[in-house]
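Chain naming here is simple, since letters A, B, ... match the order of the sequence lines and numbering starts at 1 in each. No experiment lies behind these values; they were computed from the predicted model shown.
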There are 2 protein chains.
Amino acid sequence: MAAKRRRSAQQEHAADVATYVAAGGEESVQRVITAVYAVTKKLDQWYVRQFADLDLTQGEWSVLAALARAGDTCLTPSQLADLSNVAPSSMTHRLDKMSGRGLVQRRPDETNRTRTLVSLTTDGWALFSAAVRESNVVESDTLRGLSTPERHELARLLEIVIEGLDDVDA
Amino acid sequence: MAAKRRRSAQQEHAADVATYVAAGGEESVQRVITAVYAVTKKLDQWYVRQFADLDLTQGEWSVLAALARAGDTCLTPSQLADLSNVAPSSMTHRLDKMSGRGLVQRRPDETNRTRTLVSLTTDGWALFSAAVRESNVVESDTLRGLSTPERHELARLLEIVIEGLDDVDA
DNA sequence: CTCGAATATTTCGTATTCGAAGTTCGATAT
DNA sequence: ATATCGAACTTCGAATACGAAATATTCGAG
């Protein structure tokens with residue numbers, strides 16, 4: 001690490017891209033994908049530390065965020081598993097813990113009794129809100145090198161990518 | 001899911017951002033960060049499926065990629081743990097498996113016998129190369145909505161973010 | 001109406017991960 | 001020289017995750 005500390009993050013990134021290109025990747029693709037992963041990797045590290053203050057793991061956060069984004073709509077354990085990228089069986093235990101802590105509540109779906117509906121409690125909403133405000137600090141710091149127009153341009157380009165995301169596996 | 005299928009990924013994304021903003025996040029920040037995570041989440045799903053063909057987990061891939069990016073330089077288990085965002089103790093077992101499979105090799109550092117030096121074998125390099133070429137397919141598909149100039153612009157903006165990444169925790 | 005297939009969740013055994021303690025080696029101060 | 005502190009890796013027990021089988025309910029075909 002100390003040896004690499006002399007090189008700027010830019011140079012490091014450029015060298016990484018070169019490695020992928022040498023292995024058979026396309027330059028214009030690898031430049032973007034490698035950069036995206038460099039950002040999320042750093043963000044993930046910060047989230048772990050930030051959320052530790054709130055006694056929240058990344059897995060629990062993903063459940064909290066999914067339910068918050070769903071708004072009033074309740075979600076099933078299966079949907080939460082999909083949204084969190086984990087196996088359904090893993091979600092069972094995660095929800096056990098979180099409901100035991102009073103963050104979420106489970107209730108049977110009256111119209112289909114094989115289903116269980118999960119929703120945030122008041123405490124769950126409060127924790128979500130606290131987590132958003134905490135993480136916004138590091139996220140904002142992450143983007144401090146970009147002007148407001150640049151942020152909008154970056155968001156615009158990423159949103160184009162998102163738009164085509166669901167069509168790829170088809 | 002079926003209910004949400006009518007809404008475009010754009011609208012879905014905009015609603016998610018609105019949720020974070022309502023909880024106390026800044027709009028220009030949340031638009032970018034949420035989009036970045038939407039992209040990596042989808043990519044992660046594809047990686048799992050693609051790498052299954054090569055009998056490779058994401059954890060093993062992160063080791064392979066870290067060693068490949070290091071080039072000729074050997075890395076220690078601690079460095080690999082840092083680069084892979086896992087605990088050192090987890091890396092021990094992971095390297096056991098991978099060296100048993102002939103992908104990496106461990107050898108003692110002559111200058112400091114507390115250290116172990118890890119490097120890719122020929123098979124490890126071959127698997128890395130195969131994985132890059134496989135993943136380049138979906139990565140390329142992911143960016144197909146962007147023109148070449150747009151990809152460069154996206155890369156440029158992300159690289160500005162990367163440049164400031166290491167200064168944040170200070 | 002009933003049987004069989006499909007869906008949703010949970011249970012269970014195995015594998016992976018983490019954090020803490022243990023072990024070995026290197027560096028520094030006395 | 002040696003004693004102590006720190007660094008690097010591993011081992012161990014607990015927690016978490018996964019996949020397959022088990023359970024319960026719904027839906028459709030005959």
* Where do V32(A) and T142(B) land on the side chain to side chain contact (heavy atoms under 4.5 Å, CB included) test, with the steps shown first? -> CA-CA 11 Å; V32(A) 172; T142(B) 300; over 6 Å; no
* **L117(A) and L75(A): CA distance, side-chain angles, deciding distance, side chain to side chain contact (heavy atoms under 4.5 Å, CB included) verdict** => CA-CA 6 Å; L117(A) 297 178; L75(A) 296 177; over 6 Å; no
* Asked: Of the residues in residues 105-117 of chain B, which ones touch DNA chain C at a heavy-atom distance under 4.0 Å?
  ->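 Output list: N112(B), R113(B), T114(B).
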* To do: Kindly state which residues belonging to residues 60-68 of chain A come within less than 4.0 angstrom of DNA chain C, counting heavy atoms of the residue only, listed by number.
  => none
Would you say a side-chain N or O of [X] is under 4.0 Å from OP1 or OP2 of [N]?
X      : N       : result
S90(B) : dC18(C) : yes
R94(A) : dT16(D) : no
K97(A) : dT16(D) : yes

If you look at every heavy atom in [X] and [Y], which pair is closest and at what distance?
X       : Y       : result
L54(B)  : L127(B) : CB-CD1, 3.9 Å
E27(B)  : V17(B)  : OE2-CG1, 4.3 Å
L165(A) : V39(B)  : CD2-CA, 4.1 Å

May I have the distance from [X] (atom [atom1]) to [N] (atom [atom2]), rounded to whole angstrom?
X      : N      : atom1 : atom2 : value
L95(B) : dA8(D) : CG    : C1'   : 13 Å
L80(A) : dA8(C) : CG    : P     : 13 Å
D82(B) : dA7(D) : CG    : P     : 13 Å
L75(B) : dA8(D) : CG    : C1'   : 15 Å
M91(B) : dA8(D) : CE    : P     : 15 Å
D96(A) : dT9(C) : CG    : C1'   : 11 Å

* Structure fact -> Closest to the side chain of S78(A), out of dC9(D), dT9(C), dT16(D), is dT9(C)
* Check every atom of dC18(C), dT11(D), dT11(C) against the side chain of A87(B) and return the nucleotide holding the closest atom. =>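 In terms of side-chain proximity for A87(B), the closest of dC18(C), dT11(D), dT11(C) is dC18(C).
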* **Rounded to 10 degrees, the angle between the two terminal axes of the helix from dC1(C)-dG30(D) to dT30(C)-dA1(D), each from five pairs** => 10°
* Does a donor on one side chain and an acceptor on the other come within less than 3.5 Å for N136(B) and Q30(A)? ->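 Yes, because at least one side-chain N or O of N136(B) sits under 3.5 Å from a partner of the opposite role on Q30(A).
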* Asked: Is there a donor-acceptor contact under 3.5 Å linking the side chains of R144(B) and S140(B)?
  -> no
* To do: In sequence, state the C-alpha distance, the side-chain angles, and the governing distance for R94(B) and M91(B), and then conclude on side chain to side chain contact (heavy atoms under 4.5 Å, CB included).
  => CA-CA 5 Å; R94(B) 204 180 274 182; M91(B) 192 51 65; 4.1 Å; yes
* Report yes or no: does T121(A) contribute a side-chain atom to a donor-acceptor pair with the main-chain N or O of L103(A) at less than 3.5 Å? => yes
* Report which part of the nucleic acid T57(B) touches: base, sugar-phosphate, or nothing (heavy-atom distance under 4.0 Å, all strands). => nothing
* Asked: Run the side chain to side chain contact (heavy atoms under 4.5 Å, CB included) check on E134(B) and W46(B) step by step: do they pass?
  -> CA-CA 11 Å; E134(B) 269 217 17; W46(B) 287 324; over 6 Å; no
* If you measure from the Lys or Arg side-chain nitrogens to the Asp or Glu carboxylate oxygens, is any gap between E153(B) and R156(B) under 4.0 Å? ->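 A salt bridge is present here (some side-chain N lies under 4.0 Å from a carboxylate O).
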